[in-house]
Amino acid sequence: MEHGEDILLKGQNNALMPDSLDVSWLLEEHELPSRYVTHLREDRGITELWKPQIEAINEGLLEGNNFLMTAKPGTGKTLAAEIAIVSNYRSNPGGCSLFLVPYRPLVEEKREEFSQTIGDTFNLDIQSASGSEEYDPSELFEADIVVMTFEKFDFYLRNHPEYLSEVSCAVFDEFHTLGDDTRGPRLEVVLTKMLRNHSPTQILGLSATAPNCDDLSDWVGGNHSDSGNWRMIPLYEGIYLDEADRGEIEFFEDGESVDTNDFPRRFEDPKKNAIVHYLSTTDPTESGRERRAMVFAPKRDRTEEIAKMLADHIRDDWSSTDIEIDEVASDALSDRINEEATSSGESVQNLVESAKYGVAFHHAGLSQDLKNIVEDGFEEGAARVLVATSSLAAGINLPVDRVFIDKPRVGGSGEYGRDLTVGEYKNLAGRAGRPGYTEKGESVLFAQNFFEKDGLKNQYVNETPEDIESEIDPTDANILLDLIRECESPEGICDFLSDSFYGYHEFDRDETVEDIESAVESLAQIGMAEEIESSESGEQFQLTPLGTSTSKRLISPNTVAAAVAYLRNLDSSNQFDLTAFFTGIAMTSEFEMCRLYRWSNPPETSLEEIRQLLPWDAPDDNALNHGLATGEVLAAWTSGEEVSTAIDRYQIVDSRTESDVRERLAPTTARVVKDLEQILSNSDNDLDEEFGDLLSDLYYRTRYGVNEDGVGFVKNRVVTDRDRIIDFQTRLGIQHPQEIAEGNVFRLFGNMSSSEAYTFTRRAINAYCEGAEKEKKHLLLDARDAGVDRQAYKELLSSSETEFEEYCFERLEAVDDFYVERFDESGHQRFAEGKIRIKDGTGSYIEEDGTPVEIAIECKSKQDLENDVVGANDATDIVRKTSISRKVTIGAPDFGEHAGPDAESQGVLLLPSAAFATFVLAAETGNIDPSGYLQLFDEIGYCSRDDVREIFGLMRN
């Protein structure tokens with residue numbers, strides 16, 4: 001690029017900005033590493049930068065200051081962030097970069113994306129953190145790039161702020177989440193903490209819809225770029241309307257009518273008419289791929305209804321032959337869904353059936369595994385239509401040619417739902433026409449008449465997204481508890497708010513102080529905060545130990561208060577009632593998104609009984625009924641009951657499925673229980689002592705859906721699949737994994753595949769056996785796995801004294817590579833009990849200095865194989881019996897603690913019986929090359945079974 005062109009670029013406005021530039025511009029004008037530019041071009045096929053990326057760079061993206069980039073979906077915001085991260089390394093070598101996303105499914109998607117691109121090429125350590133697992137921050141922030149959710153980052157900011165000094169760049173994807181009334185407040189507090197306490201870290205926000213990006217960038221103290229409506233490929237927004245016997249879609253671009261597509265009205269249902277016409281008549285893409293459609297519906301039951309309508313048409317209607325479906329791929333998709341399903345509910349069966357005909361649906365009632373399978377199937381072309389709720393829109397990158405929007409709403413009618421915002425609509429529409437997939441994108445709304453069409457055009461098509469506004473409520477307990485810990489006084493909290501986006505515009509400090517003081521009184525009533533003596537600067541607050549501990553967890557203080565009140569009302573843990581506990585917490589705000597609902601009221605006696613168990617005045621019957629329904633299903637879940645049975649028995653509404661319990665309710669409850677356990681351990685010794693173990697086990701029960709005995713399976717990672725554990729307890733009669741470890745070691749074989757039996761048995765042995773007993777059991781499994789005479793090894797491991805010596809030499813003689821010679825100890829002369837020579841592949845002895853290598857063998861055992869050990873004197877007795885340099889003592893069951901050091905000082909190798917058996921088993925089955933035997937026999941001192949396995953590379957993963 002010529003120097004003059006560069007000057008023009010930096011000074012020109014959007015209208016003059018080129019649509020693309022060669023990636024060499026990054027090297028020539030911005031000094032990014034040439035290897036990175038080559039990687040973009042040669043490894044990833046990225047030969048040019050697009051206008052939004054160029055504009056962002058020219059506005060200061062790579063200068064290390066805070067920055068907000070606004071650009072439409074599919075215009076390369078993630079690549080721009082990657083370029084900024086790479087640039088950041090120039091001034092912060094060794095620094096950690098964060099890539100933060102609003103939803104957990106996006107975490108692994110982005111981690112995988114970074115790992116397969118710059119991670120593999122430049123040997124970068126890419127890590128991720130999401131869910132309830134708490135990663136060691138000292139290790140996590142040592143990574144080069146960490147992908148995590150906003151909430152997970154909030155957790156580390158509250159509990160380990162010292163590690164933020166390692167972070168040089170923090171990318172906030174979907175920055176417009178700031179205006180979300182659910183996630184927005186916590187995100188805004190996080191950003192404000194970053195601005196106040198961690199200003200050296202570069203904050204980079206990415207958003208598809210941020211009209212007031214100038215205000216937002218001013219708030220974070222940085223620059224911004226806004227590429228407006230620019231897209232690499234065009235998006236045409238359409239509205240469908242029935243006209244007499246024809247259907248008509250008028251398309252608009254940037255608000256101007258550009259085309260009208262009309263076609264016969266073959267079906268009464270306008271949605272069916274438009275979608276079927278598109279699938280049956282549209283030409284393939286320029287690359288020859290059949291075009292694919294995505295349909296967004298406001299509710300999950302509507303997604304299934306539309307999917308069934310389309311699948312039925314493709315299966316039954318005479319005209320369906322015009323719709324090209326890859327029958328082999330769609331059948332395979334249907335089979336995979338059926339195989340991977342963890343439940344057999346109606347939604348799953350509907351999905352299996354519709355997928356056979358190239359139609360799939362996607363909503364919160366499906367497990368995450370099934371949602372992943374559906375997304376993969378659509379991307380690979382096994383499904384031509386994907387019907388989904390609007391939650392799929394966030395961050396997806398699928399090959400969508402046209403988006404149909406059933407209704408521009410979220411949820412049901414009236415108070416049970418709401419209209420889409422303009423920003424949400426634009427995001428949905430913008431999912432069509434992603435670069436690399438198709439040459440254009442189209443979206444379609446549906447109008448019933450001309451006036452509705454005009455309204456939709458004005459409300460959505462021609463409208464710009466709403467400004468992002470602060471959703472912080474300073475009196476909200478979830479926010480206030482965190483702010484009190486941060487600021488300690490109303491004035492301090494107001495100073496914090498002044499630095500937030502909430503305070504970017506003027507707010508009434510006096511009124512806010514009064515509101516905060518009133519809200520603190522409410523926190524005091526639930527034991528979370530208290531006023532302390534006023535200072536010259538005004539009222540001062542402090543958190544109680546319970547409040548401090550709660551403020552460090554991402555949990556509602558009211559949920560904690562409800563749980564603590566219930567526990568304090570009990571005399572002991574023996575009075576703990578699962579249903580009552582779950583009912584109490586299920587009525588709190590933490591469960592608003594996953595609470596179950598009953599379609600009829602239970603007998604009044606049920607409500608009165610549960611009221612008697614709760615230590616506070618329960619709300620009205622309706623709220624208590626739904627809380628009880630949730631509590632009853634959770635109690636059934638944690639007792640190992642079939643979820644579908646519990647849902648039917650407790651009359652849960654049809655819109656809630658087994659996957660809702662598995663994927664939403666159970667994980668939420670497990671997180672709450674785990675947080676409660678941690679909170680009590682740090683704040684209330686009495687409650688922790690009485691209920692700590694109970695809550696610890698309850699966490700595993702709620703997370704995995706197992707009964708009390710089942711905790712042993714999951715806590716020790718023996719088996720973690722709920723259905724498999726239930727099978728163990730019912731079909732096999734194994735209630736606890738300890739029964740596997742301490743009973744017949746071959747009990748599982750014949751009841752499942754051999755690989756599963758080996759895996760589960762070894763895990764149980766590791767969890768519940770110790771020392772020699774643990775090693776013996778593993779050895780018996782090794783013998784079975786090797787297909788040798790396991791009875792011989794069982795006798796070796798269970799024999800003592802003269803029998804032990806006999807069995808040891810029998811096993812040595814079974815090894816073809818050994819010549820074994822035994823000595824008679826019956827006379828007065830003392831000899832080692834035997835010696836061996838090693839044969840090479842030709843049958844000749846392995847030699848040293850022209851003499852065959854010899855190893856002296858001595859066997860020592862105790863009669864009591866359960867409690868006794870071979871002492872140091874017996875372990876080294878071989879020294880007094882032979883002058884052979886390599887000496888081995890085999891001991892049963894094991895050696896005492898002083899035997900090892902004594903043997904090492906006298907040049908003797910000690911092999912406990914399990915270690916010896918492991919060695920000869922590997923030798924007998926040809927797993928050791930003869931030339932490698934001396935690796936073991938040259939050792940001295942104590943050598944365990946694991947040591948033997950490591951020496952010969954026999955360790956299992």
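It should be emphasised that the depicted structure is a prediction, and the values quoted were computed from it without experimental measurement.
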Looking at side-chain heavy atoms only, is the closest gap between [X] and [Y] below 4.5 Å?
X    : Y    : answer
R111 : I126 : yes
L370 : S367 : yes
P408 : Y425 : no
K453 : E250 : yes
L27  : L32  : no
P52  : M69  : yes
F296 : D406 : no
L398 : M294 : yes

Can you tell me how far [atom2] of [Y] sits from [atom1] of [X], rounded to the nearest 0.5 angstrom?
X    : Y    : atom1 : atom2 : result
C169 : L204 : SG    : CG    : 5.5 Å
T303 : D301 : OG1   : CG    : 7.5 Å
D283 : E290 : CG    : CD    : 9.5 Å
D180 : F150 : CG    : CZ    : 10.0 Å
S330 : Y357 : OG    : OH    : 9.0 Å
E286 : T438 : CD    : OG1   : 7.5 Å

Between [X] and [Y] (side chain of the first, backbone of the second, donor and acceptor by atom type, cut-off under 3.5 Å), is there such a pair?
X    : Y    : result
Q53  : G76  : yes
Q368 : P105 : no
N273 : D269 : no
N458 : D454 : yes
R183 : P102 : yes
E59  : A56  : no
T117 : F114 : yes
D144 : D125 : yes
N372 : D369 : no
S87  : I83  : no

Step by step, would you call Y460 with L420 a side chain to side chain contact (heavy atoms under 4.5 Å, CB included)?
-> CA-CA 9 Å; Y460 290 111; L420 291 177; 4.0 Å; yes
Anything under 30° is parallel, anything over 60° is perpendicular, the rest tilted; go ahead and classify [X] against [Y].
X    : Y    : result
Y236 : F251 : perpendicular
F267 : H313 : perpendicular
F172 : F175 : perpendicular
W25  : H30  : perpendicular

So, for [X] and [Y], which heavy atoms are closest and what is the spacing to 0.1 Å?
X    : Y    : result
S334 : K356 : OG-CG, 3.3 Å
N427 : A208 : OD1-CB, 3.6 Å
P435 : G74  : CG-O, 3.1 Å
A297 : I306 : CB-CD1, 4.2 Å
L366 : S347 : CD2-CB, 4.4 Å
C213 : T70  : CB-OG1, 3.6 Å

I would like to know whether E82 and L40 meet side chain to side chain contact (heavy atoms under 4.5 Å, CB included); could you show each step before the answer?
-> CA-CA 11 Å; E82 178 189 305; L40 291 177; 4.1 Å; yes
Residue pair Q116, E112: steps toward the side chain to side chain donor-acceptor pair (under 3.5 Å) verdict = CA-CA 6 Å; Q116 293 180 356; E112 188 69 18; 2.5 Å; yes
With the threshold set at 4.0 Å, does a side-chain nitrogen-carboxylate oxygen contact exist between [X] and [Y]?
X    : Y    : value
D312 : R315 : yes
E379 : R292 : no
R336 : E339 : no
D19  : R231 : no
R265 : D245 : no

Taking [atom1] in [X] as the centre, count heavy atoms belonging to other residues, nucleotides or ligands within less than 6.0 Å. Is the count above 12?
X    : atom1 : answer
K308 : NZ    : no
E31  : CD    : no
R104 : CZ    : no
E439 : CD    : yes

Could you walk me through whether E305 and R302 pass the salt bridge (Lys or Arg N to Asp or Glu O under 4.0 Å) check?
-> CA-CA 5 Å; E305 182 182 327; R302 180 60 176 157; 2.7 Å; yes
Verdict with reasoning, E237 to K426, per salt bridge (Lys or Arg N to Asp or Glu O under 4.0 Å) = CA-CA 9 Å; E237 299 173 66; K426 295 292 185 182; 3.2 Å; yes
Test side chain to side chain contact (heavy atoms under 4.5 Å, CB included) on S443 and R402 and set out the steps.
-> CA-CA 5 Å; S443 66; R402 180 179 286 185; over 6 Å; no
What do you reckon, are the aromatic ring centroids of H362 and F378 less than 6.0 Å apart?
-> no
Is the distance between the ring centroids of H39 and F122 less than 6.0 Å?
-> yes
Examine K457 relative to F252 and say whether NZ or CZ is less than 6.0 Å from the centre of the six-membered ring and inside a 45° cone about the ring axis.
-> no
Check V171, L106, T177 against V101 for a side-chain contact (heavy atoms from CB on, under 4.5 Å) and give me the one that passes.
-> L106
Evaluate the side chain to side chain donor-acceptor pair (under 3.5 Å) criterion for residues S207 and K77: first the C-alpha distance (whole Å), next the side-chain angles of each, then the deciding distance (0.1 Å), finally the verdict.
-> CA-CA 8 Å; S207 178; K77 293 187 292 295; over 6 Å; no
With D401, which of R384, K440, R289 fulfils side-chain hydrogen bond (donor to acceptor under 3.5 Å, both in side chains)?
-> R289
Could you go step by step and tell me if W50 and S227 meet the side chain to side chain contact (heavy atoms under 4.5 Å, CB included) rule?
-> CA-CA 10 Å; W50 296 341; S227 59; over 6 Å; no
